[in-house]
There are 2 protein chains.
Amino acid sequence: MRNRFRPQAAKTIVHGSKNPGQRRERMKKVNIRELAQVLNISVATVSKALRDSHEISAETKKKVVEMAALLNYTPNPHASSLRKKNSKTIGVILPKVADNFFSLAINGIQSIAESKGYHLLIYLSHDKFINEKLIVADCGSGRVDGILISISGDTETAEHLRQLNEENIPIVFFDRDFDGFDTARVITNDRECGYMAGKHLVEKGMQRPVFLSISSSLPICKERAEGFEQAIRESGIVASPAYQPVLYCEGSDEAIFEQIKTIISQQDGPDAVVASVEKIALQVYMACQELGIHIPAALKVIAFSTLETAPILNPSLTTITQPAFEIGKTAAEILFKGIEKKNFDLKGEKIILPSRLIERASTQ
Amino acid sequence: MRNRFRPQAAKTIVHGSKNPGQRRERMKKVNIRELAQVLNISVATVSKALRDSHEISAETKKKVVEMAALLNYTPNPHASSLRKKNSKTIGVILPKVADNFFSLAINGIQSIAESKGYHLLIYLSHDKFINEKLIVADCGSGRVDGILISISGDTETAEHLRQLNEENIPIVFFDRDFDGFDTARVITNDRECGYMAGKHLVEKGMQRPVFLSISSSLPICKERAEGFEQAIRESGIVASPAYQPVLYCEGSDEAIFEQIKTIISQQDGPDAVVASVEKIALQVYMACQELGIHIPAALKVIAFSTLETAPILNPSLTTITQPAFEIGKTAAEILFKGIEKKNFDLKGEKIILPSRLIERASTQ
DNA sequence: CTGAAAGCGCTAACAT
DNA sequence: ATGTTAGCGCTTTCAG
């Protein structure tokens, strides 16, 4: 293992150095008592002065703040959290971070959190309920003041969330919500967009357009698929008996890739596909490249995606683009309402930020 | 504002509901004392039992664990952190999250953190030193047990990091390091790759290849640029007086885009460019598309990038691809050595994980 | 306006 | 093997 690396600087040898025993003992960080001692005032006064309490004289405040800066004092967040019963932290639970949508959403969330002086604890469920459950449990007991979650693909119960609700920790869904749990959700108009995608392909004269879904339980996929199916039904396409408007690709990335190749290369296969998520779109492109299937001549492609590179793909990709940043931002804003206003009720809040279809060469 | 939204479910009204005063008071989470009380044993025993201490009988342990599960007890992390003086949390400071490199790096970091039972606090500096400084200060006083940082583009001092070092919080650089601060760093072979890029273009017969840098101070850019220049020098290209092998694009995204357009469209402009970072590559493609410059016929392009879509771009993009996941993973592994082994010295640790040049159509 | 003191929930040293 | 107790560093009544 080690020989993969090429250390370029010799490792400094410190064992047996001059000052044994003082290395690595976490250096005594100055605490509020010491700060008070130096100033010859009480800790209570210091504490209040630092929090800019009105019951402290301007003069004292100044002295305290200056000395704090001088001694590089910063309050211990754990002590403070323990006492105040809040953490100034929110938990963000995502299926993955490698999807551009989630990167953008994190930016939106971060922009709000930063302005509120909150910290962001990020968790990845890797799209597995089993992980999500552990993570949610970890967020309990005051570790976070609120949770923003995009549910995993195979979550089928909300018991874990209910648990947290017991503790009165506000939860907001963003993008991927869960029907069986009533709390605020910030999502996009998935059904409508599925319909738009279907309509767009029908208008292009497609006869066997197929929606490639990754989950039959995930609301975003279900909604998109249903909207799509409705468009197909309304179109009056005379279906051959073998034609299925919605197909499922499940399993590992490799498995999905194989399924896609099978689907698009078969006799009487689709003449157009809708990728339900970004990953599927890339795999369709890769598959077409590998199999020599021409987009859009032999296969038209639309993808639900926020891919920045959509306009410069070969060919450029028609997308239904979610307002990812805004979704993250809005979800965070609502969460903070729930955190700050003790009597703000998140139940029933449902905000829908619309996505847009951007036509490019892949459906020309 | 509100009318952009379409609430689909009526908002449940709870004001003045049956049980006033108990709503939204954070419900009394059961704590260790209550758990002990219920079991008729001491808190010390409960604490030890839950931590699987050897000085507790198997029988007692079982009882405790079962009751804890039943009452849904989870220890308060702040109390525990305060007492134990650790947080089981590491801070990750990134310039941004929208670059694919950092998404992948986070995955690598997360994979290690998860296996160690650590939490991940993520901070975005937006590539500004002023933010970075605040963030680093925030990480002090025990909020995190260690820091993974990819330095911002305009950081020119390490005072803020030194401050943390006083507290003996281990710090590991990944990808973007800072020369003036001695700690572990996990980077890639930037100079060598710059050289490879230059060599590759020279071999293709290019006469005026240009390296597009985004910073003259950021080590990764400097190294890449220097390697590139060396390749050009060695190539024996007879430079016209106007030819500059390294050009800088700085400012906002829009400003950079304009600069790029100017550079590639000018008389005797470059016949090839190397994009120092992912963002520049996309902008070069966009610019070429807009200006009708053909890649690779009129302009060859190489990019330092981990873009997944590189193979399906138009044309497919020759990249120098960093092992982003491994860099994150390795950095986290080293950090944990620093956290766990009190006498492990991070100074002088320097691990270089090589990138690879992958030739595609943009330099054909 | 300032200070003394209680205690948030937990862990660990020190009994028993 | 189990229990008692003293804090970790801070905030917050409550008194002065």
Side-chain angles (χ1 to χ4, degrees), chain A residues 25-65 67-68 71-89 138 140-145 167, chain B residues 25-65 67-68 71-89 138 140-145 167:
Chain A
E25 322 276 293
R26 187 142 297 187
M27 198 154 285
K28 228 198 155 43
K29 232 277 175 190
V30 39
N31 64 23
I32 199 171
R33 215 180 44 244
E34 290 158 354
L35 178 53
Q37 228 145 46
V38 171
L39 286 163
N40 255 312
I41 55 179
S42 76
V43 290
T45 306
V46 173
S47 176
K48 286 172 189 161
L50 289 172
R51 328 193 87 252
D52 202 23
S53 159
H54 55 265
E55 43 179 320
I56 300 294
S57 75
E59 194 189 8
T60 308
K61 274 183 193 168
K62 187 156 165 289
K63 274 199 310 197
V64 172
V65 170
M67 185 57 80
L71 299 188
N72 221 271
Y73 168 78
T74 36
N76 180 308
H78 304 299
S80 168
S81 291
L82 176 58
R83 183 62 234 250
K84 297 203 299 190
K85 296 191 173 310
N86 73 10
S87 62
K88 283 279 183 185
T89 301
D138 249 354
S141 291
R143 188 183 294 277
V144 303
D145 295 345
E167 290 185 54
Chain B
E25 321 276 294
R26 186 142 296 186
M27 197 154 288
K28 232 204 152 37
K29 232 272 171 191
V30 39
N31 62 24
I32 198 171
R33 215 180 46 242
E34 291 159 353
L35 178 54
Q37 226 146 49
V38 172
L39 286 162
N40 254 313
I41 56 180
S42 76
V43 288
T45 305
V46 173
S47 176
K48 287 172 190 160
L50 289 171
R51 327 192 88 252
D52 202 24
S53 159
H54 55 266
E55 41 179 316
I56 300 294
S57 74
E59 194 189 7
T60 310
K61 276 183 193 167
K62 185 157 166 288
K63 273 199 308 200
V64 172
V65 170
M67 186 56 80
L71 299 187
N72 219 269
Y73 167 78
T74 37
N76 180 308
H78 304 301
S80 169
S81 290
L82 176 58
R83 183 62 232 245
K84 296 202 297 189
K85 296 191 171 312
N86 72 13
S87 61
K88 284 279 184 186
T89 301
D138 248 355
S141 290
R143 187 183 297 275
V144 302
D145 294 347
E167 289 186 51

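Residue numbers start from 1 in every chain, and the chains themselves are labelled A, B, ... in the order their sequence lines are given, proteins ahead of strands. Values in this document were obtained by computation on a predicted structure and should not be read as measured data. Below, all heavy atoms of this structure are taken into account, side chains as well, without hydrogens, waters or symmetry copies.
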*Asks:* Among A:Asn76, A:Leu71, A:Thr74, find the residue that satisfies the side-chain contact (heavy atoms from CB on, under 4.5 Å) test when tested with A:Lys29.
*Replies:* A:Thr74
*Asks:* Listing time: all N or O pairs from protein to nucleotides 1-4 of chain D that are below 3.5 Å?
*Replies:*
{"residue": "D:dT2", "atom": "OP1", "partner": "B:Thr60", "partner atom": "OG1", "Å": "3.0"}
{"residue": "D:dT2", "atom": "OP2", "partner": "B:Ser57", "partner atom": "N", "Å": "3.2"}
{"residue": "D:dT2", "atom": "OP2", "partner": "B:Ser57", "partner atom": "OG", "Å": "3.2"}
{"residue": "D:dT2", "atom": "OP2", "partner": "B:Thr60", "partner atom": "OG1", "Å": "2.9"}
{"residue": "D:dT2", "atom": "O4", "partner": "B:Glu55", "partner atom": "OE1", "Å": "3.2"}
{"residue": "D:dG3", "atom": "OP2", "partner": "B:Ser42", "partner atom": "N", "Å": "2.9"}
{"residue": "D:dG3", "atom": "OP2", "partner": "B:Ser42", "partner atom": "OG", "Å": "3.4"}
{"residue": "D:dG3", "atom": "OP2", "partner": "B:Thr45", "partner atom": "OG1", "Å": "2.9"}
{"residue": "D:dG3", "atom": "O6", "partner": "B:Lys48", "partner atom": "NZ", "Å": "2.5"}

*Asks:* About how many Å separate OG1 of B:Thr45 and CG of B:Leu35, when rounded to the nearest 0.5 Å?
*Replies:* 11.0 Å
*Asks:* Write down the distance between CG (A:Leu39) and P (C:dT2), rounded to a whole number of angstrom.
*Replies:* 12 Å
*Asks:* For the NE2 atom of A:His78 and the CZ atom of B:Arg83, what is their distance to the nearest 0.5 Å?
*Replies:* 14.5 Å
*Asks:* Could you tell me the separation between the CG atom of A:Leu50 and the P atom of D:dC10, rounded to a whole number of Å?
*Replies:* 9 Å
*Asks:* Measure the distance from NZ on B:Lys88 to C1' on C:dT11 and round it to the nearest whole Å.
*Replies:* 15 Å
*Asks:* Grab the CG-P distance between B:Asp52 and C:dT11 for me, whole Å please.
*Replies:* 14 Å
*Asks:* In degrees, rounded to 10°, what is the bend between the two ends of the helix from C:dC1-D:dG16 to C:dT16-D:dA1, using five pairs at each?
*Replies:* 40°
*Asks:* Distance from A:Arg143 atom CZ to A:Ser87 atom OG, nearest 0.5 Å?
*Replies:* 9.5 Å
*Asks:* Distance check needed: C:dC1 C1' versus A:Arg51 CZ, whole Å only.
*Replies:* 18 Å
*Asks:* Could I get a table of every N or O pair under 3.5 Å where one atom is in the protein and the other is in nucleotides 6-8 of chain C?
*Replies:*
{"residue": "C:dG7", "atom": "N2", "partner": "A:Arg83", "partner atom": "NH1", "Å": "3.3"}
{"residue": "C:dC8", "atom": "O3'", "partner": "A:Lys85", "partner atom": "NZ", "Å": "2.8"}

*Asks:* To the nearest 0.5 Å, tell me how far A:Ile56 CD1 sits from A:Lys63 NZ.
*Replies:* 11.0 Å
*Asks:* Kindly write out the residues that satisfy salt bridge (Lys or Arg N to Asp or Glu O under 4.0 Å) with A:Glu55, not counting sequence neighbours, or none if the list is empty.
*Replies:* A:Lys48
*Asks:* Report the distance from atom OG of A:Ser57 to atom NZ of A:Lys62, rounding to the nearest 0.5 Å.
*Replies:* 11.0 Å
*Asks:* Are B:Val46 and B:Ile41 packed together at the side-chain level, in the sense that at least one heavy-atom pair is separated by less than 4.5 angstrom?
*Replies:* yes
*Asks:* Taking only residues two or more places apart in sequence or in another chain, which ones pass salt bridge (Lys or Arg N to Asp or Glu O under 4.0 Å) with B:Lys84?
*Replies:* none
*Asks:* Residues in salt bridge (Lys or Arg N to Asp or Glu O under 4.0 Å) with A:Lys61, at least two apart?
*Replies:* A:Asp52
*Asks:* From CD1 of B:Ile32 over to C1' of D:dT5, roughly how many Å is that when rounded to an integer?
*Replies:* 14 Å
